[in-house]
Each structure stands twice: as C-alpha cells, then as structure tokens.
Colleague: 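Take this structure, written in structure tokens, and hold onto it; I'll ask about it next.
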Amino acid sequence: MTTTIRTRVPAGASPAAAAPSASGPRARRAARRRQLTAAGVLMTPFFVLLITVFLIPVGTAVYLSFFSDDQPGLGFGPERTVFVGLRSYAAVLTDPTFLGGLGTVALYCLIYIPLMVVGALALALLLDSGVVRLRAFAQLGLFLPHAVPGIIAALIWLYLYTPGISPVIELFAQADVTIDFLGVHTVVPSIVNIALWSNLGYNMVVFYAALQAVPREVIEASVVDGAGPVRTALQVKTPLVRASIVMVSIFTLIWALQLFTEPMLLSQSSPMISSRFSPSMYIYDAAFTRNNYGLAAAASVVLLVCTIALSYGVTRFTSRADVSREAR
C-alpha cells in the first residue's frame with residue numbers, strides 16, 4: 001500500500017518555492033565572502049601604513065641593536081660590523097645619562113600630564129556651560145597656538161626665556177624680581193609651559209566635541225534635581241566623557257615620553273640642558289654625534305618598550321576601574 005503525500009502550493013507561488021532551498025547556505029557563504037572582501041579593502045590602507053611606518057622601522061631598530069661597528073687591532077684595523085648580542089642594551093641600561101634622561105621625562109610627565117588633562121577639560125566645560133561669551137572666537141584663540149609648528153613655538157619661548165632680550169624678564173626686573181626660566185629648578189617647568197601653550201587648545205577641542213555628544217536631557221534632569229553648574233560639570237558631564245579623558249591621557253603620555261624639540265632648541269641657551277637631557281636626545285646624540293647606531297637602536301627599543309608598558313598599564317587601570325564601578 002503506497003501513501004502519497006501532496007504538498008499544497010499557495011496560489012500565485014512558484015512550484016519551486018515548495019522545494020527546500022538548496023541555495024541558502026551557498027548564498028550565506030557568498031555574502032560572507034563579500035563582507036570579508038569589503039572589510040579587507042577598507043582595512044588595507046591601515047595595514048599598509050602600520051607595516052610601513054611602524055613594523056618595518058621597529059624591526060630595523062631591533063636588528064641594528066644586535067650589531068656594532070668595531071675596529072680590531074687596537075683601533076687600527078678596518079672597521080667591520082659584528083654581532084654583539086645584548087651588549088648595546090646593557091650599555092644603555094647602565095648608562096647614568098640615559099637613566100637620568102628617563103628620570104627627567106618621568107618628572108616632566110608628572111607635571112605635564114595632569115595639568116594638560118585637567119586644564120583642557122576645565123576649558124571645555126567652561127565653553128560647554130555657556131559662561132564664556134563669543135564661544136567661537138574663544139575656541140579659535142585657544143586652538144590657534146596648536147597651529148604653530150613646534151619648532152617655531154620653541155623659538156618664540158626661547159626668546160621670552162633668554163635674559164637680556166626677554167621683555168618678560170625685563171618686566172620682572174623692574175619689579176625687583178629676578179627669575180631664571182632656564183635654571184636648574186625651573187627648566188622642566190619652562191618646558192612644560194611651552195608644551196601646554198602648544199597643545200592645550202587641541203585637547204580642549206577633543207573634550208568639547210565629546211561634551212557636545214552628552215544627551216541634553218541628562219543635563220536638564222540634573223538641573224531639575226537641584227544640581228548647580230559646578231556639580232553638573234563634575235558629577236554629570238565629566239563621567240560621561242571618561243573615554244575621551246582616557247584617550248587624551250594615553251596620547252599625551254606617548255607624546256611626553258618622546259620629548260625632544262623643546263629641550264633641543266632650549267639647549268642653545270641653557271647649560272642645564274645637556275645633549276642627553278631626554279631619551280630622545282640621547283638617541284639623537286648616539287646616532288648622529290657618536291655614530292653609534294647600535295646603541296641608538298637599543299635605546300630606541302628600550303624607549304618603545306617603556307611607552308608600550310606604560311600605555312598598557314593606563315589602559316588596564318582604567319578598565320579595572322570601570323569594572324569595579326559597574327560592580328557597585
């Protein structure tokens with residue numbers, strides 16, 4: 001006895017619609033391939049730049065750090081490149097001038113980064129609160145110093161810091177106040193001042209853009225609850241732009257560790273700034289003054305490792321803080 005099962009096809013539908021669709025998985029695979037192809041095309045410029053301007057230079061520096069130019073025969077033989085292993089790293093890590101440069105940059109970061117982040121955030125909160133009139137002109141005036149190249153900015157401040165030609169020092173002298181902006185205790189704050197003048201407006205724009213994305217209804221609700229302007233800024237707006245604060249802090253840290261332009265130019269007028277004042281100046285001196293490219297490459301790798309470690313530490317610290325806050 002044979003049982004016949006008939007499938008009713010809805011009116012107006014194709015008979016092929018009653019059969020199971022064999023092209024479903026194939027269509028999904030084709031769509032997946034198209035998505036991967038589009039993602040690859042869009043990501044190609046990023047990977048090209050990553051390989052060209054980061055991975056290849058880093059790989060070259062690591063390679064050079066294992067070699068050195070030696071002259072056998074008490075220095076009278078022909079110069080040749082020999083493999084020295086970790087000798088350059090040992091020389092860098094035991095060099096008191098390099099370690100002193102790291103200490104100088106650490107002090108610079110401790111002064112510069114809090115002033116930069118807090119100052120830029122405070123200016124952005126003032127602009128966002130509407131207290132400042134002519135907001136567009138205020139933004140332009142604060143951002144304009146960032147448009148000045150770093151070398152030009154350092155030259156301007158070098159003129160203002162140099163005794164005998166500085167109108168600022170002359171003004172203090174008329175008030176019987178003697179100040180040496182490039183002295184042993186003031187040289188680092190003077191460099192911090194140049195960096196703040198150049199970059200404060202840029203980071204203020206970053207924070208101001210983040211504040212513009214804060215929902216207005218949240219701010220209105222805080223005002224209805226009786227929060228004043230200061231409390232609204234500190235307890236409502238600031239937590240909502242926490243991601244921007246972390247980003248600016250990391251980028252400022254990375255930039256600060258590469259301190260070079262300001263002390264290099266100021267060294268022409270101050271004996272307090274040596275040719276190895278910062279790690280970047282140490283690298284420049286090793287490569288182009290002492291012609292020791294292996295030592296310069298090793299110092300570059302050490303500075304890169306310190307930068308990556310500190311950036312990772314800041315990221316981990318902020319991530320744990322966010323997790324603990326959510327757990328409450």
Side-chain angles (χ1 to χ4, degrees), residues 39-73 75 77-106 108-109 113 149-151 154 191 195 198-199 247 249-265 267 273-316:
V41 171
L42 294 175
M43 292 296 292
T44 296
F46 166 77
F47 285 112
V48 169
L49 287 175
L50 177 67
I51 294 172
T52 304
V53 304
F54 182 75
L55 295 182
I56 292 178
V58 169
T60 303
V62 172
Y63 174 80
L64 291 175
S65 66
F66 293 116
F67 293 88
S68 179
D69 294 331
D70 287 345
Q71 288 182 324
E79 187 177 86
R80 61 181 181 178
T81 301
V82 297
F83 179 79
V84 296
L86 299 177
R87 190 180 74 182
S88 296
Y89 290 97
V92 168
L93 295 176
T94 56
D95 191 338
T97 57
F98 181 80
L99 299 179
L102 287 178
T104 301
V105 168
Y108 172 79
C109 291
I113 295 177
I151 296 178
I191 296 174
S198 300
N199 301 308
M247 180 192 70
S249 300
I250 292 176
F251 286 171
T252 304
L253 172 65
I254 294 172
W255 183 88
L257 291 174
Q258 302 173 19
L259 180 65
F260 179 79
T261 303
E262 293 85 358
M264 176 61 75
L265 291 176
S267 64
I273 302 178
S274 66
S275 60
R276 307 175 193 178
F277 181 78
S278 67
S280 295
M281 293 179 66
Y282 180 94
I283 294 167
Y284 180 87
D285 178 74
F288 301 108
T289 302
R290 292 178 281 170
N291 295 322
N292 193 336
Y293 297 103
L295 187 68
S300 301
V301 174
V302 172
L303 181 60
L304 174 63
V305 171
C306 292
T307 303
I308 294 175
L310 289 174
S311 301
Y312 177 77
V314 172
T315 305
R316 290 286 297 175

Colleague: Name all pairs fulfilling the salt bridge (Lys or Arg N to Asp or Glu O under 4.0 Å) condition that reach into residues 289-302, sequence neighbours left out, sorted by first residue then second.
Modeller: Asp285-Arg290

Colleague: Can Leu102 and Phe98 be said to form a side-chain contact (heavy atoms from CB on, under 4.5 Å), step by step?
Modeller: CA-CA 6 Å; Leu102 287 178; Phe98 181 80; 3.6 Å; yes

Colleague: As an exercise, state the distance from CE of Met264 to OH of Tyr284, rounded to the nearest 0.5 Å.
Modeller: 5.5 Å

Colleague: Show me the side-chain donor-acceptor pairs of residues 301-310 shorter than 3.5 Å, one per line, residues at least two apart or across chains.
Modeller:
from, atom 1, to, atom 2, distance (Å)
Thr307, OG1, Leu303, O, 2.8

Colleague: Evaluate the criterion side-chain contact (heavy atoms from CB on, under 4.5 Å) for residue pair Ile191 and Phe277; output intermediate values, then yes/no.
Modeller: CA-CA 12 Å; Ile191 296 174; Phe277 181 78; 3.8 Å; yes

Colleague: Can you measure from CZ (Phe251) to CD1 (Ile113) and round to the nearest 0.5 angstrom?
Modeller: 13.5 Å

Colleague: With side-chain contact (heavy atoms from CB on, under 4.5 Å) as the test, would you mind laying out the steps for Val84 and Phe67 before giving the verdict?
Modeller: CA-CA 5 Å; Val84 296; Phe67 293 88; 5.6 Å; no

Colleague: Return the set of residues passing side chain to side chain donor-acceptor pair (under 3.5 Å) with Tyr89 (not counting sequence neighbours), or none when no residue passes.
Modeller: Ser65

Colleague: To the nearest 0.5 Å, what is the distance between CG (Asp69) and CG (Leu295)?
Modeller: 12.0 Å

Colleague: State, to 0.1 Å, how close Met281 and Ser274 come at their nearest heavy-atom pair, and which atoms those are.
Modeller: CE-O, 3.2 Å

Colleague: Which pair of non-hydrogen atoms, one from Ile283 and one from Ala296, has the smallest distance, and what is that distance?
Modeller: O-CB, 3.7 Å

Colleague: Of all heavy-atom pairs between Tyr293 and Ala287, which one has the smallest distance, and what is that distance?
Modeller: CE2-O, 3.5 Å

Colleague: What's the shortest heavy-atom distance between Leu93 and Leu99, and which atoms?
Modeller: O-CD1, 3.6 Å

Colleague: Taking only distance into account, with no hydrogens and no angle test, what donor-acceptor pairs under 3.5 Å do side-chain atoms of residues 41-62 form with protein atoms, sequence neighbours excluded?
Modeller:
from, atom 1, to, atom 2, distance (Å)
Thr44, OG1, Gly40, O, 2.5
Thr52, OG1, Val48, O, 2.6
Thr60, OG1, Ile56, O, 2.8

Colleague: Determine whether Pro279 and Val105 make a side-chain contact, defined as any pair of heavy atoms from C-beta on separated by less than 4.5 Å.
Modeller: yes

Colleague: What pairs of donor and acceptor atoms, side-chain ones from residues 253-260 against any protein atom, are under 3.5 angstrom apart with sequence neighbours left out?
Modeller:
none

Colleague: Would you give the length of the straight line joining atom OG of Ser278 to atom CD of Glu262, rounded to the nearest 0.5 angstrom?
Modeller: 9.5 Å

Colleague: What pairs of residues pass the salt bridge (Lys or Arg N to Asp or Glu O under 4.0 Å) test when at least one of them lies in residues 85-105, not counting sequence neighbours?
Modeller: Asp70-Arg87

